[in-house]
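Given the structure is predicted, the values throughout are model-derived calculations rather than measurements. For the numbers below, each heavy atom of this structure counts, side chains included, while hydrogens, waters and symmetry mates do not. To find a chain, count down the sequence lines: A is the first, B the second, and so on, and within it residues start at 1.
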Amino acid sequence: MPELPEVETIVLSLRDRISGKKINKVVVQFEKCLGNISAGEFKKILTGAKIISLSRRAKYIIFELSNKYFLFLHLRMTGKVLLKIQSAPITKHDHVMIYLNDNQCIFYNDTRKFGRFFVTQSPEIVLGKLGPEPLGEDYNFSNFSQKITKTQRTIKALLLDQTFVAGLGNIYTDEALWMAKIHPEQPAHSLSKIKRKALFEAIKCVLTQGIANRGTSLGDGQGNYTSSDHQSGTNQHSLKVFARTGSPCPECRTMIQKSVVAQRGTHYCPKCQKLKLINSKAT
DNA sequence: CCATATGTTACTCG
DNA sequence: ACGAGTAACATATG
């Protein structure tokens, strides 16, 4: 479920409440949640360690520990990090519990069980292949532009590729393409410099807005996004195309269409985001 | 029963 | 090598 803005919101809501706390006890209910380590090793490394800092890279939450290890967590589709008091009951789909030294406990809950923890002393093993942070300093137009012109892939598939730009998922990809007025199936190399620049800016824009709105919470099912304090985001009210199939485009009132691109449900305005079949490599 | 779901990766085919 | 498509992971929902 969570894309960059949702993960960022979780990190912001957790940071002050768990930084500096010591891990007293770890319970693993579902060992497959641990991507590169056994439950025994996981408990041994975490127990007794202090949480030095909390940060985010792409869609990963990063716990920096006092014993030189880093704990990474990727929530995939339905993972949730919930901070509760230690006496809170273990409920359905709670897979990992990390008890701190102050009566708080981090509950990792994941309906679909796709999310994964990683423990390592070398962050680059997990983060090495990721593209630039779209809201970071390494995000620059010349690099972005160059990569777009070099591939024939559809622009939607490229935006979802975490080695191109890190942190976009299905929602913010559709929103950025709408804002830049680009058809999701447009071959990346066929985008004019104007369009590449518009997209470069739109990505920053939709992500910044998503964070300001504390994430996108769709529906009220178990898999829906909430922050670590059970708070829903409000960005769903600001979406222009995603989950708005059949509703009017905010720009031109044409009905939003849905199709499948890059194996994902894809929402777009057929009038504002026209596919351009004549591909001359514009500059 | 069927399709779909905020993610990623391995695999096949052309 | 590249890119598209599919399956897989596992569960819930309409």
Winner on side-chain proximity to A:T111, out of B:dA5, C:dC9, C:dA12, is C:dA12

In whole angstroms, the gap separating P of C:dA4 from CD of A:Q152 amounts to 9 Å

Residue pairs meeting salt bridge (Lys or Arg N to Asp or Glu O under 4.0 Å), one or both in residues 16-40 of chain A, sequence neighbours left out, come to A:K21-A:D102

Regarding the side chain of A:K92, the nearest nucleotide among C:dA10, B:dA5, C:dA12 is C:dA12

(Q) For C:dA10 and A:H93 - does any side-chain N or O of the residue sit under 4.0 Å from the phosphate oxygens OP1/OP2? (A) no

Taking B:dT4, B:dG7, C:dG3 as options, the one with an atom nearest any side-chain atom of A:R153 is C:dG3

Do A:F114 and the base of B:dG7 stack face to face, with centres under 5.5 Å apart and an angle between planes under 30°?
yes

Checklist entry - With sugar-phosphate meaning primed atoms plus P, OP1 and OP2, does A:G265 contact a base, only sugar-phosphate, or nothing at under 4.0 Å between heavy atoms? => result sugar-phosphate

Assign A:D110 to base, sugar-phosphate, or nothing according to its heavy-atom contacts below 4.0 angstrom with the strands shown.
-> nothing

Below 3.5 Å between N/O atoms, which protein atoms pair up with nucleotides 8-12 of chain B? Just atom names and distances, please.
| residue | atom | partner | partner atom | Å |
| --- | --- | --- | --- | --- |
| B:dT8 | OP1 | A:H74 | NE2 | 3.0 |
| B:dT8 | OP2 | A:K59 | NZ | 2.9 |

message = A cation-pi test, strictly: NZ or CZ of A:K197 under 6.0 Å from the centre of the six-membered ring of A:F141 and no more than 45 degrees from its axis. Yes or no?
response = yes

Between A:K32 and C:dA10, is there a contact of a side-chain N or O with OP1 or OP2 at under 4.0 Å? yes

Return no unless some side-chain N or O of A:T151 is found under 4.0 Å from OP1 or OP2 of C:dG3.
yes

